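Step one of this worksheet: look at the structure below.
This structure is a prediction, so every number in the text was calculated from the model and none was measured. Throughout, protein chains are lettered first and strands after them, A, B, ... in sequence-line order, and every chain is numbered starting at 1.
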Amino acid sequence: MSLSELTRHILFLSTLLIASNANAEVMSANLGTPLTFAEIERFSISVYPDGENLPEGQGTAEEGKMLYRQRCAMCHGKSGTEGPSHRLAGSVGLFSIWDPLRIKRIMETNGLLVMSTGQQWPYATTVFDFVRRAMPHTAPKSLTSNQVYALTAYILYLNDLIIENEVISRINLPGVEMPAAKRFEEASRQE
Amino acid sequence: MKLSAQNYIAGGGLIDRRSLLSGSISFLAAGTIARVSSASEDSTTIADAYPAWSRTLGNSDSPYGRPSHREANVVRKLQLPAAPENSGSTAWLTPIESMHGAITPNGLHFGSHHFGVPDVDPATHELMIHGLVDKPLKFTVEHLLRYPMVSHIRFLECSGNTALNALAPFAGGESCQDLYGLVSCAEWVGVKVSDLLNEAGLKKQALWVIAEGADGGSHARSIPLSKMTDDAIIAFYQNGEKLRAEQGYPMRLLLPGWEGNTSVKYLHRLEISDRPAYTAHESGLYTEQLASGRIEGFSFPMDVKSVITHPSAGHVLDEKGFYEISGLAWSGYGSISSVEVSADEGKTWATASLHNPVNDKALTRFSIPWQWNGKSTILLSRATDDRGRSQPTRKFWKQKYTSPTFNHYNAIQPWHVDSSGRLTNVFI
């Protein structure tokens with residue numbers, strides 16, 4: 001094969017490659033449009049256990065108590081244990097002697113009030129994340145960051161995890177140790 | 001019907017299906033009823049012999065068909081009469097004991113809601129993909145509908161299906177619908193998640209995807225990337241029509257075989273990450289407490305399970321004699337390879353027939369003929385999947401968890417038949 005023949009050969013091969021690439025372009029729909037940084041910022045509400053994505057702001061359980069009475073207690077009960085909505089404080093639900101109302105709770109709420117946020121959730125950051133996105137149930141996303149910090153602090157306080165006037169913010173919320181953290185494990189049966 | 005000893009394949013009256021086919025069972029010939037025709041008269045018509053609907057012009061059809069009004073009692077049922085404060089956090093149970101086949105009609109598909117049923121406008125709803133990707137992208141619904149579509153017949157099961165058997169200290173008057181109504185099966189059509197992730201370009205560190213809905217509570221779950229690139233789809237159609245609002249209109253994630261809560265409805269955002277976010281539901285409601293006191297989370301696949309739907313708790317057998325025992329089996333790990341049935345309290349078992357098609361991670365109908373002798377007994381079914389996984393007894397299942405644990409219950413279900421033919425739930 002002469003050099004010019006070889007060059008032509010290579011050229012031919014590369015046009016083939018280009019053609020197949022172009023084909024690949026045509027085959028995929030490619031209809032997504034770029035997201036701007038501002039758009040991402042606006043919807044980035046997932047808070048991670050290490051505190052990533054927690055916003056500025058702060059609050060104490062003392063401040064949270066007032067808000068809780070106005071906006072949460074009608075569903076979660078005065079002390080976060082009575083319901084009718086999910087239980088926020090107390091009870092690992094392991095032994096019924098600790099919870100004489102257990103059978104009643106199971107029958108009335110299908111077990112939802114047996115265990116509580118404070119005892120089940122391994123990370124305090126989840127409380128902030130969930131209250132900000134989902135609560136109060138009938139008016140989700142209506143609370144300011146300061147209000148969410150205050151309510152998070154109050155729920156942690158109801159679980160005896162912090163003291164009433166501790167200022168909770170993005171700095172120290174990830175450091176609040178939840179009792180479930182040590183017990184939590186990823187299931188082994190996923191494949 | 002006359003049966004001889006060799007027609008039976010197990011105790012309690014289970015019949016070898018082949019003996020039905022080969023005709024070795026003789027049916028008593030019904031006496032021939034001769035119709036005495038009276039002398040014909042001019043004034044008589046044939047109308048007298050026919051019911052009303054054969055003597056009149058029928059009603060007109062309608063733009064969207066509805067079930068017969070005579071089936072008005074075959075409807076979903078609210079799992080618990082919710083306190084008004086919890087009215088957005090509810091589950092609706094499929095009436096599986098009144099249905100047949102393996103596909104759930106859209107209006108009867110179970111619904112599990114945590115933040116009510118939102119009214120999402122597809123004209124403005126968008127899907128965002130961002131995080132550990134080369135190109136963060138957004139997609140309109142209109143554009144997504146232009147991607148290549150794939151179809152999967154898959155079951156969806158709420159992690160809390162049959163929770164009452166896990167929680168209640170005694171079996172009571174629950175019906176099959178009360179206990180098993182949180183599983184359904186449909187043909188889901190949609191776009192492969194991997195197509196969209198490839199378009200955005202995954203970064204090397206990508207390991208998890210936080211999937212989030214557009215409902216009031218922005219429901220979110222962290223999903224291992226491997227599942228997303230394996231068989232996850234974004235579904236737009238269910239049994240041929242666009243999703244119902246209760247099922248995530250205009251689009252939902254569908255993770256075949258995994259606990260229903262992960263198939264995020266009203267899908268709005270996929271955040272690619274290197275770790276899970278520990279969202280509320282994966283931190284609490286959808287975890288299990290092991291007997292050791294440890295808490296198990298991210299327990300995604302729904303294990304192999306089966307239930308006899310015909311007959312089942314809530315049914316009453318009118319008389320002794322022939323019945324077909326029939327039910328549903330499914331596994332989040334693969335397809336069903338066999339179902340065994342016992343009609344004598346678990347003393348002997350026989351293999352049931354599986355009805356085609358036997359799809360991967362789909363409800364599979366099984367059946368076996370049965371001659372009920374009118375005596376009290378217990379019916380059970382036990383499924384095995386193509387991974388060799390099989391169902392535990394309730395006692396065995398309970399030993400694994402603490403008493404308030406109710407997710408992922410998949411124990412063998414006993415139905416007690418009393419001598420009057422009434423079926424009830426029992427623990428044995």
Side-chain angles (χ1 to χ4, degrees), chain A residues 28-37 39-40 43-50 74-75 83-86 92-96 102-103 106-112 114-117 120-123 125-127 129-130 133-135 137-138 140-141 180 183-191, chain B residues 79-80 83 85-86 88-89 115 128-130 135-139 143-144 146-148 160 163-164 167-169 195-196 198-200 210 212 216-220 224 268-269 271 273 275 277-280 283-285 287-289 293-301 303 333 402-404 406:
Chain A
S28 100
N30 268 327
L31 294 168
T33 52
L35 270 173
T36 64
F37 182 75
E39 283 172 308
I40 297 172
F43 289 103
S44 276
I45 56 168
S46 303
V47 175
Y48 290 78
D50 59 8
M74 63 282 238
C75 294
S85 302
H86 294 37
V92 281
L94 285 175
F95 303 106
S96 47
R102 210 177 119 231
I103 296 291
I106 289 172
M107 301 320 275
E108 285 176 5
T109 69
N110 210 7
L112 295 183
V114 175
M115 291 189 272
S116 77
T117 312
Q120 257 191 311
W121 294 12
Y123 300 107
T125 48
T126 308
V127 181
D129 174 294
F130 190 67
R133 69 171 67 216
M135 289 294 136
H137 211 213
T138 43
K141 306 179 179 71
R183 299 165 53 210
F184 205 93
E185 64 186 49
E186 264 198 43
S188 53
R189 59 188 144 128
Q190 60 171 284
E191 317 202 347
Chain B
Q79 186 173 33
L80 284 166
E85 290 87 344
N86 295 340
S89 187
F115 312 103
M128 304 170 63
I129 299 183
H130 67 99
K135 290 175 293 180
L137 294 174
K138 62 178 176 183
F139 301 83
H143 278 161
L144 286 170
R146 282 173 51 194
Y147 279 70
L164 284 174
L167 287 171
D195 283 353
L196 305 180
N198 287 340
E199 189 174 325
I210 323 303
E212 188 181 281
S218 297
H219 171 59
H268 166 54
R269 200 164 67 88
E271 177 175 336
S273 161
R275 61 204 193 286
Y278 280 85
T279 68
S283 294
L285 256 186
T287 64
E288 299 81 51
Q289 275 198 77
R294 296 190 68 75
I295 299 170
E296 177 182 80
F298 304 97
S299 39
F300 296 119
D303 216 332
Y333 288 93
T402 58
S403 54
F406 56 82

Qualifying residues under salt bridge (charged side-chain N to carboxylate O under 4.0 Å, His left out), relative to B:Glu271, sequence neighbours excluded: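 B:Glu271: salt bridge (charged side-chain N to carboxylate O under 4.0 Å, His left out) contacts with B:Arg269.
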
Nearest-0.5 Å distance that lies between atom [atom1] in [X] and atom [atom2] in [Y]:
X        : Y        : atom1 : atom2 : value
B:Leu137 : A:Leu31  : CG    : CG    : 10.5 Å
B:Lys138 : A:Glu39  : NZ    : CD    : 3.5 Å
A:Met115 : B:Ile295 : CE    : CD1   : 8.0 Å

Heavy-atom proximity to chain B below 4.5 Å, by part of A:Ser44: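 For A:Ser44, the contact with chain B is made by backbone and side chain together.
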
Contacting region of A:Val127 [heavy-atom separation from chain B under 4.5 Å]: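 For A:Val127, there is no contact with chain B at all, as no heavy atom is under 4.5 Å.
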
Between B:Ala200, B:Pro136, B:Gly88, the one whose heavy-atom pairs under 4.5 Å with chain A are most numerous: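 Sorted descending by pairs with chain A, the first entry is B:Pro136.
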
Leading residue by heavy atom contact count with chain A [cutoff under 4.5 Å; candidates B:His143, B:Glu199, B:His219]: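 Of the candidates given, the most pairs with chain A belong to B:Glu199.
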
Candidate pair B:Ser283 and A:Phe130, rule side-chain contact (heavy atoms from CB on, under 4.5 Å), full reasoning: CA-CA 11 Å; B:Ser283 294; A:Phe130 190 67; over 6 Å; no

Closest contact, heavy atoms only, [X] versus [Y]:
X        : Y        : result
B:Arg294 : A:Phe184 : NH2-O, 3.8 Å
B:Ser89  : A:His86  : OG-CE1, 4.2 Å
A:Trp121 : B:Ala280 : CH2-CB, 3.6 Å
A:Ser46  : B:Glu212 : OG-OE1, 4.1 Å
A:Lys141 : B:Gly216 : NZ-O, 2.7 Å
A:Ala187 : B:Phe298 : CB-O, 3.8 Å

Check: B:His130 ring centroid to A:Phe43 ring centroid under 6.0 Å: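 No: the rings miss the under 6.0 Å criterion.
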
Donor-acceptor pair, side chain of B:Lys135 and main chain of A:Thr33, under 3.5 angstrom: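 Side chain of B:Lys135 to backbone of A:Thr33: no pair is present.
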
Contacting moiety of B:Ile129, where chain A heavy atoms sit under 4.5 Å: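 Only the backbone of B:Ile129 comes within 4.5 Å of chain A.
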
Under 4.5 Å from a heavy atom of chain A, the part of B:Ser218 involved: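 Backbone plus side chain of B:Ser218, per the 4.5 Å heavy-atom cut-off to chain A.
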
A:His137 vs B:Glu85 side-chain heavy atoms within contact, under 4.5 Å: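 No, their side chains stay 4.5 Å or more apart.
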
Option in A:Asp129, A:Ile40, A:Thr138 with maximal non-hydrogen atom pairs under 4.5 Å from chain B: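 Of the options given, most contacts go to A:Ile40.
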
Residue pair A:Thr125, B:Tyr278: steps toward the side-chain contact (heavy atoms from CB on, under 4.5 Å) verdict: CA-CA 9 Å; A:Thr125 48; B:Tyr278 280 85; over 6 Å; no

